[in-house]
**Q** 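The structure is given below, and queries will be raised subsequently.
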2 protein chains.
Amino acid sequence: MLSKKTKYGIKALTYLAKQETGVPVSIATISEMENISLKFLESILLTLRKSGLLGSKKGKAGGYYLLKDPKDVKMTTVMRVLEGPIAMVSCVSLNYYEKCADCPDETACAVHHLMIRVRDSNLKIYGETSLADLISY
Amino acid sequence: MLSKKTKYGIKALTYLAKQETGVPVSIATISEMENISLKFLESILLTLRKSGLLGSKKGKAGGYYLLKDPKDVKMTTVMRVLEGPIAMVSCVSLNYYEKCADCPDETACAVHHLMIRVRDSNLKIYGETSLADLISY
DNA sequence: TATTACCCTACTAAATCTATAGGAGTAAAG
DNA sequence: CTTTACTCCTATAGATTTAGTAGGGTAATA
């Protein structure tokens with residue numbers, strides 16, 4: 001299941017993607033418009049900023065804004081920042097590979113092979129979808 | 001991330017799929033061969049039996065065995081039994097649909113559209129993969 | 001200098017995951 | 001008919017993750 005953090009994060013990003021570029025939107029505004037708990041959203045936006053996806057402006061009329069053109073923000077990046085590795089088991093993760101403790105031979109592991117296929121198909125979807133695609137509905 | 005329950009469950013199923021059909025294999029044997037905690041595996045096999053995928057024989061020389069031909073056991077079924085819904089959000093689940101509390105309009109929700117694509121691609125993979133495919137490596 | 005809004009750490013309640021404990025019941029072998 | 005080798009089933013517990021909440025600090029602007 002997708003965590004609420006990821007779900008809310010994507011909603012916030014798409015909301016920002018719909019705004020005029022560079023104009024900061026306050027946490028409170030996004031919180032109201034997307035029905036997200038203010039403090040929870042605050043922490044999500046913070047991680048999005050630290051990851052380099054968002055910029056922020058402090059003080060009056062401050063808020064968050066997208067740093068890139070929505071069509072240059074791929075969902076692969078978004079998912080990795082918010083949800084973590086795209087692979088469902090670490091032994092098929094490209095960026096966070098780890099050997100399974102219980103598995104003597106990866107090439108003989110059924111789960112391994114299946115999850116490689118799942119990973120690749122998901123990577124394909126996330127890779128060919130951008131924020132711009134998501135707001136085109 | 002895939003739960004260990006699912007991972008172990010798939011491993012157990014593939015182990016059973018490799019055996020002569022109908023011959024019961026004890027929990028202890030599977031536990032040893034696949035490096036899975038005995039008691040944890042016990043509870044996993046129990047749910048697999050209750051779901052109709054496995055049969056069991058009690059008493060001496062008892063154990064678990066596959067009820068169907070491995071090529072007739074689709075991973076869609078296995079994943080649903082062990083991991084739960086294949087959809088990553090309940091608003092795109094075919095079997096466990098639930099409206100999102102925070103989302104006034106599904107058709108306008110970016111997460112919804114993205115997750116439909118993910119669900120469909122995963123359903124396709126699980127649907128065209130059987131236990132028999134998994135043991136052919 | 002008052003206000004607005006982000007920044008950051010820490011904390012907590014609830015849920016889920018990953019088992020473990022322990023006994024009851026069943027079937028076959030000796 | 002008793003021992004042995006299994007499954008069956010419920011309950012529980014520790015660890016981890018999730019989904020927030022609390023509260024003060026800091027910067028920018030009018």
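Reminder, nothing fancy here: chain letters follow the sequence lines and each chain counts from 1.
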**Q** Any base atoms under 4.0 Å from A/Ile27, or only sugar-phosphate, or nothing? Heavy atoms, all strands.
**A**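 Sugar-phosphate contact only - A/Ile27 comes under 4.0 Å of backbone atoms but never of a base.
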**Q** Go through the steps for A/Val78 and A/Tyr126 under the test side-chain contact (heavy atoms from CB on, under 4.5 Å), then give the verdict.
**A** CA-CA 9 Å; A/Val78 175; A/Tyr126 295 139; over 6 Å; no
**Q** May I ask you to evaluate whether A/Tyr64 reaches the phosphate of C/dC7, defined as a side-chain N or O under 4.0 Å from OP1 or OP2?
**A**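 Answer yes for this pair, as a side-chain N or O of A/Tyr64 is under 4.0 Å from OP1 or OP2.
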**Q** Among C/dC8, D/dC6, C/dG23, which is the nearest nucleotide to the side chain of B/Lys39?
**A**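 It is C/dG23.
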**Q** Hey, is CE on A/Met33 packed in by over 12 heavy atoms from elsewhere, all under 6.0 Å?
**A**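 Check fails, neighbour count at 12 or below.
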**Q** Does either side chain, that of A/Ser136 or that of A/Asp133, offer a donor lying less than 3.5 Å from an acceptor on the other one?
**A**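 No donor-acceptor contact under 3.5 Å links the two side chains.
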**Q** Output yes when at least one side-chain N/O atom of A/Ser43 is less than 4.0 Å from OP1 or OP2 of C/dC8, else no.
**A**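 So the side-chain polar atoms of A/Ser43 never come under 4.0 Å of the phosphate oxygens OP1 or OP2 of C/dC8.
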**Q** Quick one: label A/Lys50 by what it contacts on the DNA or RNA (base, sugar-phosphate, nothing), any heavy atom closer than 4.0 Å.
**A**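 Touches sugar-phosphate only.
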**Q** Could you check how far NZ of B/Lys60 sits from P of C/dG30, rounded to whole Å?
**A**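 These atoms are roughly 6 Å apart.
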**Q** Assign B/Lys4 to base, sugar-phosphate, or nothing according to its heavy-atom contacts below 4.0 angstrom with the strands shown.
**A**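 Sugar-phosphate contact only.
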**Q** What is the distance, rounded to the nearest whole Å, between atom CG of B/Leu54 and atom C1' of D/dC8?
**A**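 Those two atoms, CG and C1', are 14 Å apart.
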**Q** Rounded to whole Å, please give me the gap between CG in A/Leu45 and P in C/dA5.
**A**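 Interatomic distance, CG of A/Leu45 to P of C/dA5: 14 Å.
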**Q** Please report, rounded to the nearest Å, how far the P atom of C/dC7 is from the CG atom of A/Leu46.
**A**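 Rounding to the nearest Å, CG of A/Leu46 and P of C/dC7 are 6 Å apart.
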**Q** Any side-chain N or O of A/Lys57 below 4.0 angstrom from OP1/OP2 of D/dT29?
**A**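 The answer is yes; a side-chain N or O of A/Lys57 sits under 4.0 Å from OP1 or OP2.
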**Q** In this structure, how many angstroms lie between the P atom of C/dT16 and the CE atom of B/Met1, rounded?
**A**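 Rounded to whole Å, this separation is 19 Å.
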**Q** Could a donor-acceptor pair under 3.5 angstrom be found where the side chain of A/Glu42 meets the base of C/dC7?
**A**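 Such a pair is found, so the answer is yes.
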**Q** Between D/dT7, D/dC8, C/dC6, which one does the side chain of A/Lys58 approach most closely?
**A**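 Selected nucleotide (nearest to the side chain): C/dC6.
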**Q** Base of D/dG20, side chain of A/Lys5 - is there a donor-acceptor contact under 3.5 Å?
**A**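 Side chain to base: no pair below 3.5 Å.
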**Q** In whole angstroms, how far is the P atom of C/dC7 from the CG atom of A/Leu41?
**A**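 Checked: the CG to P distance equals 12 Å.
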**Q** Is it true that B/Glu34 and B/Lys7 have a side-chain N and a carboxylate O under 4.0 angstrom from each other?
**A**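 Salt bridge: no.
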**Q** OP1 or OP2 of C/dT18 less than 4.0 angstrom from a side-chain nitrogen or oxygen of B/Tyr8, does that happen here?
**A**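 False: B/Tyr8 side-chain N/O out of range (4.0 Å or more) of C/dT18 OP1/OP2.
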**Q** Rounded off to whole Å, could you give me the CG-to-C1' distance for the B/Asp102 and D/dA19 pair?
**A**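 Going from B/Asp102 (CG) to D/dA19 (C1'), I get 13 Å.
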**Q** Please determine whether a side-chain nitrogen or oxygen atom of B/Ser56 lies at a distance below 4.0 Å from atom OP1 or OP2 of D/dC8.
**A**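 Indeed, a polar side-chain atom of B/Ser56 lies that close.
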**Q** Please tell me which of A/Ser3 and A/Ala61 maps to the more 5' nucleotide of DNA chain D, matching each residue to the nucleotide holding its nearest heavy atom.
**A**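 Looking at the nearest nucleotide for each, A/Ser3 comes out on the 5' side.
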**Q** In sequence, state the C-alpha distance, the side-chain angles, and the governing distance for A/Lys99 and A/Glu106, and then conclude on side-chain contact (heavy atoms from CB on, under 4.5 Å).
**A** CA-CA 8 Å; A/Lys99 196 179 176 311; A/Glu106 254 172 34; 4.2 Å; yes
**Q** Rounded off to whole Å, could you give me the CZ-to-C1' distance for the A/Phe40 and D/dT17 pair?
**A**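 My rounded result for the distance is 11 Å.
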**Q** Looking only at side chains, do A/Ser26 and A/Thr29 share a donor and an acceptor under 3.5 Å apart?
**A**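 Judged by distance alone, the side chains do pair up.
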**Q** Just N and O in the side chain of B/Arg49: are any of them under 4.0 Å from OP1 or OP2 of D/dC8?
**A**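 For B/Arg49, the contact criterion (side-chain N or O under 4.0 Å from OP1 or OP2 of D/dC8) is met.
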